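Positions are given from 1, in the same order as the sequence printed here. It should be emphasised that the depicted structure is a prediction, and the values quoted were computed from it without experimental measurement.
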Amino acid sequence: MDSESGRSESQTNPLSDQFSSLNDLCHDLSSLQDLATRGAWRSIIDKVARSRALSLLHKPHDHITYLAFNALAFTKLRRFNEASSELDSMEDLDSSHYRYETYPKIYPNRVGSMVPFCLRWIHALIPIKLGHRQQGLDRLYKLLDFTRTKITEKEKVNLTASLSAWRKREGFVMNCIIGEHLSHKEFGVCLSLINDLLTRDPNDPVLISQLGYIQLQIGDLEGAKVSFTNVENLMKESKSNGSLSEVELKNIVNRNKALVYMVEKDYVSAVREYEECIERDDSDIVAINNKALCLMYLRDLSDSIKVLENALERVPTMALNETLVVNLCSMYELAYVNHSDIKRTLSNWIARVAPDDFDASCTRT
């Protein structure tokens with residue numbers, strides 16, 4: 001919730017002294033949270049429908065919270081029209097109907113919006129998914145302005161925990177905007193957005209690395225090398241903004257080096273960099289996936305397949321993403337005559353262990 005009621009730091013934390021559990025926040029919220037964590041999105045839709053049918057939701061924020069989970073579940077399952085219908089039922093997210101102070105008897109001494117941040121994000125995302133890109137982009141930029149307004153408000157009253165949450169939200173929205181522009185090869189806009197962020201946080205290794213990735217995409221290899229060197233210098237001088245652990249920072253440095261080697265078609269050196277990452281963190285899926293690709297480019301299909309299969313066996317919750325599975329299936333098609341049977345076996349395994357929102361079509365069976 002976007003509640004603004006607190007004067008003390010504890011009141012900005014939804015699980016502060018006034019709440020002993022998630023269920024104190026909202027009807028059976030712990031169950032919804034557990035289902036979402038497990039990717040059981042269809043079960044969430046069933047639970048919301050059942051709760052509504054049995055009139056189990058009594059307070060205004062209960063209805064909004066359940067609507068948010070329902071909209072998120074529909075979005076995860078790529079049922080965007082149904083997610084849009086949920087949002088349409090609310091009309092204006094900034095309406096006084098969705099503010100605590102409108103119901104003083106139910107929420108004494110509380111002010112602010114009941115609308116969860118994720119609902120505002122879905123409200124911006126859905127038009128893009130339904131083919132109305134400009135409307136979605138307009139909403140994303142409006143959401144970015146909204147988060148920055150909140151940051152300014154929290155800074156004025158020195159609410160540290162709340163401020164940290166809103167800064168993470170700002171970064172999340174900015175990444176959504178950059179990702180959308182990247183998908184349409186609007187590189188100039190992406191560079192402008194990242195440089196704007198870097199003026200406020202010049203020691204963010206993730207941001208500087210993202211700058212390097214875009215520079216690689218537009219063919220500016222030398223510029224990317226400079227960006228990646230800056231990240232390495234941050235690590236050596238311990239000047240990172242502290243958002244990453246030591247292992248995460250070292251792995252970013254190695255992955256950045258490996259990308260340059262890949263662009264230069266020095267796949268042997270790239271494999272070496274990725275192996276260093278995997279030795280530090282055997283769940284680094286980016287390093288695992290890219291190592292396998294490099295081995296494939298080196299015509300070592302057998303080892304490249306083993307790398308991805310081992311990852312799926314060892315850390316299935318981390319490795320089970322569509323990109324990795326698409327790459328593995330492509331390798332099967334190159335390596336085996338009976339690739340259809342092998343992919344079908346993989347598809348059956350995925351059906352047993354994957355979350356509801358996993359796109360099973362990526363196996364191309």
Side-chain angles (χ1 to χ4, degrees), residues 151 160-161 163-179 182 187 190-295 297 307 310-311 314-315 317-319 321 323-324:
I151 288 170
T160 308
L163 178 60
S164 175
W166 281 104
R167 281 182 172 151
K168 288 178 181 177
R169 290 167 178 171
E170 178 196 24
F172 173 77
V173 175
M174 184 65 90
N175 277 323
C176 290
I177 294 171
I178 291 171
L182 269 180
F187 300 120
C190 296
L191 289 172
S192 176
L193 290 169
I194 288 181
N195 282 321
D196 175 57
L197 286 174
L198 284 171
T199 58
R200 283 176 282 162
D201 192 357
N203 293 331
D204 186 334
V206 175
L207 272 180
I208 301 171
S209 297
Q210 287 178 333
L211 175 61
Y213 306 152
I214 295 172
Q215 289 167 322
L216 284 178
Q217 291 196 54
I218 63 177
D220 183 8
L221 179 58
E222 294 307 311
K225 286 181 177 179
V226 170
S227 296
F228 293 155
T229 298
N230 289 340
V231 175
E232 188 171 8
N233 289 337
L234 284 176
M235 180 189 71
K236 291 176 179 177
E237 299 167 10
S238 300
K239 289 185 178 179
S240 166
N241 64 2
S243 60
L244 301 173
S245 68
E246 182 181 353
V247 168
E248 289 171 328
L249 184 54
K250 286 181 177 179
N251 277 20
I252 280 185
V253 170
N254 283 111
R255 292 200 303 265
N256 290 347
K257 289 179 179 179
L259 273 180
V260 173
Y261 285 133
M262 288 183 74
V263 171
E264 295 174 336
K265 294 183 169 56
D266 183 357
Y267 300 119
V268 173
S269 297
V271 167
R272 188 167 58 246
E273 296 293 337
Y274 287 129
E275 284 176 342
E276 283 191 34
C277 294
I278 297 165
E279 284 176 14
R280 286 193 208 99
D281 177 8
D282 64 1
S283 63
D284 187 333
I285 299 306
V286 174
I288 291 168
N289 182 70
N290 288 2
K291 176 189 174 182
L293 288 177
C294 290
L295 291 170
Y297 296 145
V307 167
N310 289 340
R314 193 178 66 254
V315 283
T317 54
M318 297 290 291
N321 68 69
T323 300
L324 188 146

Run Val226 and Gln215 through side-chain contact (heavy atoms from CB on, under 4.5 Å) and show every step you take. CA-CA 10 Å; Val226 170; Gln215 289 167 322; over 6 Å; no

Decide side-chain contact (heavy atoms from CB on, under 4.5 Å) for Leu234 and Ile208; before the verdict, give the C-alpha distance in whole Å, the side-chain angles of both, and the deciding distance to 0.1 Å. CA-CA 10 Å; Leu234 284 176; Ile208 301 171; 3.6 Å; yes

Under the side-chain contact (heavy atoms from CB on, under 4.5 Å) rule, what do Asn195 and Leu198 come out as? Steps first, then yes or no, please. CA-CA 5 Å; Asn195 282 321; Leu198 284 171; 4.2 Å; yes

From CA spacing to verdict: side-chain contact (heavy atoms from CB on, under 4.5 Å), Val260, Asn256: CA-CA 7 Å; Val260 173; Asn256 290 347; over 6 Å; no

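Using a 4.5 Å heavy-atom threshold, the side chains of Glu264 and Leu221 count as touching. Using a 4.5 Å heavy-atom cutoff, the side chains of Arg167 and Asp201 are not in contact. At least one side-chain heavy atom of Ile252 sits less than 4.5 Å from a side-chain heavy atom of Arg255.
Proximity of a side-chain donor or acceptor of Asp196 to a complementary backbone N or O of Ser192 within less than 3.5 Å is not detected. A donor-acceptor pair is defined here as one N or O able to donate and one able to accept, closer than 3.5 Å; no such pair exists between the side chain of Ser164 and the backbone of Ala161.
Counting all heavy atoms, side chain and backbone alike, Gln210 lies closest to Ile194 at CB-CD1, 3.8 Å. Nearest heavy atoms, Leu259 versus Leu216: CB-CD1, 4.1 Å. The minimum heavy-atom distance between Tyr267 and Met262, with the atom names listed, is CE2-O, 3.9 Å. Considering every non-hydrogen atom in both Cys277 and Asn254, the closest pair reads SG-CB, 3.3 Å. The nearest pair of heavy atoms linking Gly212 to Ala224 is O-CB, 3.5 Å. Closest approach of Met318 to Ser283, counting heavy atoms only: CE-O, 3.7 Å.
Between the CG atom in Asn310 and the CG atom in Asp282 there is a gap of 11.0 Å [rounded to 0.5 Å]. Distance CG/Leu244 to NZ/Lys250: 13.5 Å, rounded to 0.5 Å. Here Asn290 contributes atom CG and Ile285 contributes atom CD1; the two are 11.0 Å apart, rounded to the nearest 0.5 Å. In this structure, CZ on Phe172 lies 12.5 Å from CH2 on Trp166, to the nearest 0.5 angstrom. Ile218 CD1 to Phe187 CZ: the interatomic distance, rounded to the nearest 0.5 Å, is 7.5 Å. A distance of 12.0 Å separates CD1 in Ile177 from CG in Leu182, rounded to the nearest 0.5 Å.
A salt bridge links Lys257 to Glu232: at least one charged side-chain nitrogen sits closer than 4.0 Å to a carboxylate oxygen. Using a 4.0 Å cut-off between charged nitrogen and carboxylate oxygen, Glu170 and Arg200 count as a salt-bridge pair.
Between Asn251 and Arg280, the side chains place a donor N or O and an acceptor N or O closer than 3.5 Å (distance only, hydrogens not considered). In the model, Arg272 has a side-chain atom that pairs as donor or acceptor with a side-chain atom of Ser269 under 3.5 Å.
Crowding of Glu246 atom CD: a count of heavy atoms from other residues, nucleotides or ligands under 6.0 Å not exceeding 12.
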